[in-house]
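Being a predicted model, the structure only gives us computed values, none of them experimental.
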Amino acid sequence: MTIITLVRHGETDWNRTRRIQGSSNIPLNDTGRAQARAAGTALAEALDPLTPSVVVSSDLSRANETARIIAEILDLPAPRTYPALRERGYGDAEGLTDVEVFERWGPWHTADVPNAEPWAEVTTRALRGIQEAVADARSLVAPASPHVIAVAHGALIRTVISHATSGEYPEPGHKLANGSAHTFRVEDAWLSLLTSSALPV
C-alpha cells in the first residue's frame with residue numbers, strides 16, 4: 001500500500017486569462033510560484049515525518065517547476081518527470097478561451113473538440129503514470145513505503161478522481177484549484193480517494 005498525493009500545478013498566465021492549455025508548455029507566473037510554495041508548506045505540515053516522501057511531476061514545465069518548489073521546501077531531491085502525467089491534449093481548443101470553446105463546441109464538460117485526446121485514453125495514461133511513479137518511489141526507498149507527491153494537471157487529476165469514485169466525483173463544474181492537493185491510497189491496481197476538495201464537506 002502506498003499513499004500518493006496529486007497536486008495541481010500553480011497558476012500560469014493562460015490560467016489567469018482562461019485559455020485552454022492542454023499539452024501546450026506554458027510556464028508558471030508569480031502567482032503560480034506563490035501557490036506552489038503554499039502547497040509545499042501545507043504538505044510539510046501534514047506529512048508524517050517517519051514516512052519517506054518522493055516528489056515527481058508531469059514533464060510539462062508548469063508542473064515540474066511547481067514540483068521543484070515543493071521538493072525544495074520539503075528538502076527532497078529534484079523531481080523525476082513522467083510524460084504519462086501530463087495534461088490531456090485538447091486538440092483544436094488549445095490556446096482558446098473558455099468563451100471561445102463554448103461558442104464553437106458548446107458546454108465544456110460535453111464539448112466534442114476536434115483532435116482532443118479521448119477521455120478514456122487520458123484515464124488509462126494517468127493510471128499508468130501513477131503506477132510507474134509509485135513503483136519507482138518504492139524502489140527508491142525500499143523497504144519503506146513512500147508517500148508520493150505527484151504534481152500534475154487539472155483534467156488529469158479529475159479523471160483519476162472520477163476513476164477512484166466510480167464517476168461520482170468531481171461533480172460537473174467543480175473546479176480543482178491551482179495548488180490543490182488530492183490524496184489516494186494505491187493498493188496494487190486499486191485506487192481509492194482519501195481526501196480532495198472534490199468531495200463534499
Side-chain angles (χ1 to χ4, degrees), residues 5-36 38-39 57-67 69 81-130 150-184 191 193 195-201:
T5 296
L6 298 182
V7 178
R8 188 182 177 204
H9 63 79
E11 184 188 80
T12 71
D13 286 345
W14 278 25
N15 286 139
R16 178 171 292 175
T17 57
R18 303 183 67 84
R19 291 192 180 277
I20 309 306
Q21 297 177 112
S23 58
S24 299
N25 202 13
I26 312 302
L28 293 183
N29 59 23
D30 288 342
T31 297
R33 294 182 185 97
Q35 291 168 336
S57 78
S58 150
D59 62 336
L60 295 177
S61 65
R62 59 190 182 270
N64 186 245
E65 184 177 1
T66 301
I69 291 169
T81 61
Y82 292 84
L85 295 178
R86 64 166 43 198
E87 182 60 298
R88 181 194 188 206
Y90 276 104
D92 292 10
E94 294 193 14
L96 301 180
T97 66
D98 56 348
V99 173
E100 290 168 331
V101 170
F102 181 84
E103 289 172 346
R104 296 187 189 195
W105 300 295
W108 179 245
H109 63 282
T110 58
D112 185 12
V113 178
N115 301 308
E117 185 178 8
W119 282 110
E121 293 182 15
V122 179
T123 302
T124 299
R125 172 169 61 78
L127 297 176
R128 184 178 74 249
I130 287 171
V151 182
H153 306 267
L156 181 134
I157 295 172
R158 289 182 71 89
T159 67
V160 176
I161 293 172
S162 179
H163 173 82
T165 63
S166 299
E168 188 173 2
Y169 299 104
E171 294 180 347
H174 178 85
K175 180 176 174 58
L176 305 183
N178 292 103
S180 60
H182 314 268
T183 300
F184 303 78
L191 199 69
L193 180 61
T195 63
S196 171
S197 64
L199 293 174
V201 177

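Among all heavy-atom pairs drawn from S24 and E94, the shortest one is OG-OE1, 2.7 Å. The heavy-atom pair separating L85 from A126 by the smallest distance is CD2-O, 4.1 Å. When every heavy atom of P170 is checked against every heavy atom of I161, the shortest pair comes out as CD-CG2, 3.7 Å. For the pair D112 and W105, the tightest heavy-atom approach, listed with the atom from each and the gap, is O-CD1, 3.7 Å. When all heavy atoms of A152 and L156 are compared, the closest pair comes out as CB-CD2, 3.8 Å. Annotation for D92 and L96: closest pair O-CD1, 3.6 Å, computed over non-hydrogen atoms.
Using a 4.5 Å cut-off on side-chain heavy atoms (C-beta onward), I130 and Y82 make no contact. Between F184 and S196, every side-chain heavy-atom pair lies at or beyond the 4.5 Å cut-off. Looking at L199 and Y169, their side chains come closer than 4.5 Å, going by heavy atoms from C-beta outward. Side-chain contact between R62 and H153 is present, with heavy atoms from C-beta onward closer than 4.5 Å.
Of the possible donor and acceptor atoms, none in the side chain of E65 sits under 3.5 Å from a partner among the backbone N and O of S61. Distance alone, capped at 3.5 Å, is enough to place a donor-acceptor pair between the S58 side chain and the L60 backbone. Side-chain atoms of E121 never come within 3.5 Å of backbone atoms of P118 as a donor-acceptor pair (strictly under, hydrogens ignored). Side-chain atoms of E11 do not come within 3.5 Å of backbone N or O of Q35 as any donor-acceptor pair.
A donor-acceptor contact closer than 3.5 angstrom is absent between the side chains of T81 and S57.
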| said: With side chain to side chain contact (heavy atoms under 4.5 Å, CB included) as the criterion, how do T159 and W119 come out once you've worked through the C-alpha distance, each side chain's angles and the decisive distance to 0.1 Å? | reply: CA-CA 8 Å; T159 67; W119 282 110; 3.4 Å; yes
| task | Could you give me the CA-CA distance, side-chain angles and deciding distance for D30 and R33, then say whether side chain to side chain contact (heavy atoms under 4.5 Å, CB included) is met? | result | CA-CA 5 Å; D30 288 342; R33 294 182 185 97; 3.0 Å; yes
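Note that CZ of R16 is 4.5 Å distant from CG of N29, once rounded to the nearest 0.5 Å. Remark: T12 OG1 to N25 CG distance equals 10.5 Å, nearest 0.5 Å. The distance from the CG atom of D13 to the CD atom of Q21 is 9.5 Å, given to the nearest 0.5 Å. Atom CG in L193 sits 11.0 Å away from atom OG in S166 (nearest 0.5 Å).
Under the 4.0 Å criterion applied to side-chain N and carboxylate O atoms, R125 and E117 are assigned as salt-bridge partners.
Of the candidates R86, E87, R88, V122 forms a side chain to side chain contact (heavy atoms under 4.5 Å, CB included) with just one, namely R88.
Legend: residues meeting salt bridge (Lys or Arg N to Asp or Glu O under 4.0 Å) with D98, ordered by chain and number and at least two apart, are R18. Partners of R158 under the salt bridge (Lys or Arg N to Asp or Glu O under 4.0 Å) rule, at least two apart in sequence or in another chain, do not exist in this structure.
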Report all side-chain donor-acceptor pairs from residues 171-181 shorter than 3.5 Å, counting only partners two or more places apart or in another chain.
| from | atom 1 | to | atom 2 | distance (Å) |
| --- | --- | --- | --- | --- |
| H174 | NE2 | S197 | O | 3.3 |
| N178 | ND2 | H9 | O | 3.0 |
| N178 | ND2 | N15 | OD1 | 3.4 |
| S180 | OG | A177 | O | 2.6 |
| S180 | OG | H182 | NE2 | 2.8 |

